[in-house]
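The analysis underlying the following values was restricted to heavy atoms, covering all of them including side chains, and did not include hydrogens, waters or symmetry mates.
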Amino acid sequence: MVTIVFDEVNVFTFPHSRIKKLMNCCTSKFGHTDFTSLNDFEELLIGLQCIFTEFMAHEQIENHLVMKKLRKKLKQNSPMDDTELICNCHKVDRFTPLMALFRDGYAFIRRGNADRMSYGVRLHKAMITFYNDFVPHMNEEENGIQPLLSKYFTDIELKMMRTQVIKMTLKKREDSTVNIVYRIERPLKIYVLSYERILSIDSLPNNILQFIMNYLPDRQIKQSCLRVNKQWNQCASKVLKHRSPISQLPDEIVLRIFKLYLNPYDLFHSCIRVSKQWKYIIKDKTIWKTINPINWARGQWNSSLPLEEIPVDQYKNHSLTMNENRIIPGLANYLLPDYGHSIENLILYGSLTINDNIARKIFDLCPNLKYLNIGMTKLTPKSFIHFRWINSLESLILEGCELMDDYLFINIISSLILSKDSQLITIEDKQHCSIENSSSQLNRLTRFAICEKCSISYEKNSKIFQLKILNLSGCYQITDYGLNLLIRNGLTEYLTYIDLSGCIRITADCLSSLVSSSRNLPSENIYFCDNLSSCLLSTANCCRNVENNSGRYCCRSHN
């Protein structure tokens, strides 16, 4: 007669009910699995491994909390039959062959449908054999082992044992990777589930984790492994570092390589996406001291190449214009907001598309600009309205800008006043300066009528504005009035070079005043129109625009 045991002292009731549900779940999975579908096949393998991991955990719990304690009791005083029953209960390893069979199934994911179907038949037979063996085993535990527990343990001890079994079962279920495995990507999931017998992430040693991660591409390591836990993050970092020895180079060496051997195209299309370290190095100001976006539009990415080596004539205006229409707005909208503070030398020479509005925006994003070359463009003095960083300029190249006139110097002086009073000025084309016609009747070397906004003292200007190079070659609309504005406001004191070739409205008296006001300007660094003659400038150079093919204005080539 079978002994009746109440549930509150039955150690096997709770775990066996869970196992029976999982076995029914296995049967249902087999019935609904299409072995010709890769997704169904993979889900079946993952589900079976997760389920049988819980079976293995159940057996470990029984061995540790039930069989071990019962064995101690039996050693004291027990019949031989009871001892043999305990010893033979978990002697057979039912799980290892099946787990190995599950792991072998991942090799069939990349095979044909026929191979997967044959594997499914073999797996079904193995599962039937397991059912036929494991169900009687559970009945043996309930009908044979449980009465022995009731015989040698008190009801209180059995209740405590049952509580421990339930707690440990629930804990093992939570610690398993059943919930974790779906948070990582498929390739990593397959390797983890097929490589290790125990599916607990915490149980995987570092060497096995690194071995598994070596089979994954960098993108999957960064998106999956780095976010699981601290151990996985460390292993993934080691794998990535081992793959790219160049990342171990000091920042100074990488920076030197970038500066000497790579151009802006390589830096933005290749290097900036490699790592955060490289992205940080690329922002170094020494890389972006000089930029020439017009050469970029022509396909030449070497900013240090002299302009004369890439004549505009060899390029079709249509294709060049299209390239500039892409690069110039991109420069203002994307490059300069992040890298504009590093730029000291900006070259826009020969641009076909730049206008005053976008020029003002570009200038405003370069607070440390020292050398500005906008020669051979259609820019007007309006591009210098509210130039916030005018006081940092040391070189201004305007050769061939035929639309420049005396308002250029009025805007420069006005920008100096505004930059001193406020560092946050809205760039708007709203400033208007009235030049009195009566000033032409006065001595231009002694008195000038300047609007109130442009009025500034000599001492203040000479300290904050130290322009050294000024090239106005071909700017024929500039007159004595504009140049005298610079002279009388102390803006020519530090000049070391000036080119007035083609400036036919500049007189000899104005040149003499310029030489006397510029203590660092040697006469051999002065270029002016050949129509002028002055004994004070006997050692100066003649016009550079005579018989030139660059398109700069000259009175002898334009009738």
> What heavy-atom pair brings Ile328 and Ile362 nearest, and what distance separates the two atoms?
Replying inline: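 Scanning both residues completely, I find the closest heavy atoms to be CG2-CD1, 4.3 Å.
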
> Which pair of non-hydrogen atoms, one from Leu101 and one from Ala126, has the smallest distance, and what is that distance?
Replying inline: CD2-CB, 3.8 Å

For the backbone of [Y] and the side chain of [X], can you confirm whether one donor and one acceptor N or O come within less than 3.5 Å of each other?
X: Ser118; Y: Asp115; value: yes
X: Asn295; Y: Gln300; value: no
X: Asn24; Y: Lys20; value: yes
X: Asn143; Y: Asn139; value: yes
X: Asn63; Y: Glu59; value: yes
X: Glu324; Y: Thr353; value: yes
X: Trp288; Y: Pro264; value: no
X: Asp266; Y: Leu262; value: no
X: Ser351; Y: Leu348; value: no
X: Trp296; Y: Ile327; value: no

> Between Leu393 and Phe387, does a side chain to side chain contact (heavy atoms under 4.5 Å, CB included) hold up when you go through it step by step?
Replying inline: CA-CA 11 Å; Leu393 272 184; Phe387 194 151; 4.2 Å; yes

> For Asn357 and Lys382, does a side-chain donor sit closer than 3.5 Å to a side-chain acceptor?
Replying inline: no

> Cut-off 3.5 Å, side chains only: do His58 and Glu62 have a donor facing an acceptor?
Replying inline: yes

Would a 4.5 Å heavy-atom cut-off, applied to side chains only, mark [X] and [Y] as touching?
X: Pro250; Y: Ile253; value: yes
X: Ser342; Y: Lys289; value: no
X: Pro337; Y: Asn333; value: no
X: Asn323; Y: Arg298; value: no
X: Asn292; Y: Asn373; value: no
X: Gln146; Y: Glu141; value: no

> For Phe35 and Tyr119, what are the C-alpha separation, side-chain angles and deciding distance, and is it a ring-ring contact (aromatic ring centres under 6.0 Å, His included)?
Replying inline: CA-CA 9 Å; Phe35 285 89; Tyr119 172 81; 7.5 Å; no

[atom2] on [Y] to [atom1] on [X], rounded to 0.5 Å:
X: Ile343; Y: Ile291; atom1: CD1; atom2: CD1; value: 3.5 Å
X: Leu369; Y: Asn345; atom1: CG; atom2: CG; value: 8.0 Å
X: Met168; Y: Leu65; atom1: CE; atom2: CG; value: 5.5 Å
X: Met99; Y: Gln49; atom1: CE; atom2: CD; value: 5.0 Å
X: Ile294; Y: Tyr349; atom1: CD1; atom2: OH; value: 12.0 Å
X: Ile145; Y: Met138; atom1: CD1; atom2: CE; value: 14.5 Å

> Between Asn355 and Lys378, is a side-chain hydrogen bond (donor to acceptor under 3.5 Å, both in side chains) present by the stated rule, with each step listed?
Replying inline: CA-CA 7 Å; Asn355 55 52; Lys378 296 181 180 180; over 6 Å; no

Is it the case that the ring center of [Y] lies less than 6.0 angstrom away from the ring center of [X]?
X: Phe52; Y: Phe102; value: yes
X: Phe258; Y: Trp278; value: yes
X: Tyr339; Y: Phe268; value: yes

> Between Phe134 and Phe55, what is the ring plane arrangement, given parallel below 30°, perpendicular above 60°, and tilted in between?
Replying inline: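 Judged by the thresholds at 30° and 60°, the geometry between Phe134 and Phe55 is parallel.
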
>> Taking atom OH as the centre, does Tyr131 end up with more than 12 heavy-atom neighbours from other residues, nucleotides or ligands that are less than 6.0 angstrom away?
In response: yes

>> Looking at Leu260, I'd like to know if its CG atom is crowded, meaning that more than 12 non-hydrogen atoms belonging to other residues, nucleotides or ligands lie closer than 6.0 Å.
In response: yes

> For Thr13 and Asn10, what are the C-alpha separation, side-chain angles and deciding distance, and is it a side-chain hydrogen bond (donor to acceptor under 3.5 Å, both in side chains)?
Replying inline: CA-CA 6 Å; Thr13 303; Asn10 194 326; 3.2 Å; yes

> Salt-bridged, Glu157 to Lys69, with N to O below 4.0 Å?
Replying inline: no

> Is there a side chain to side chain contact (heavy atoms under 4.5 Å, CB included) between Leu372 and Ser395 once you walk through the steps?
Replying inline: CA-CA 6 Å; Leu372 177 60; Ser395 174; over 6 Å; no

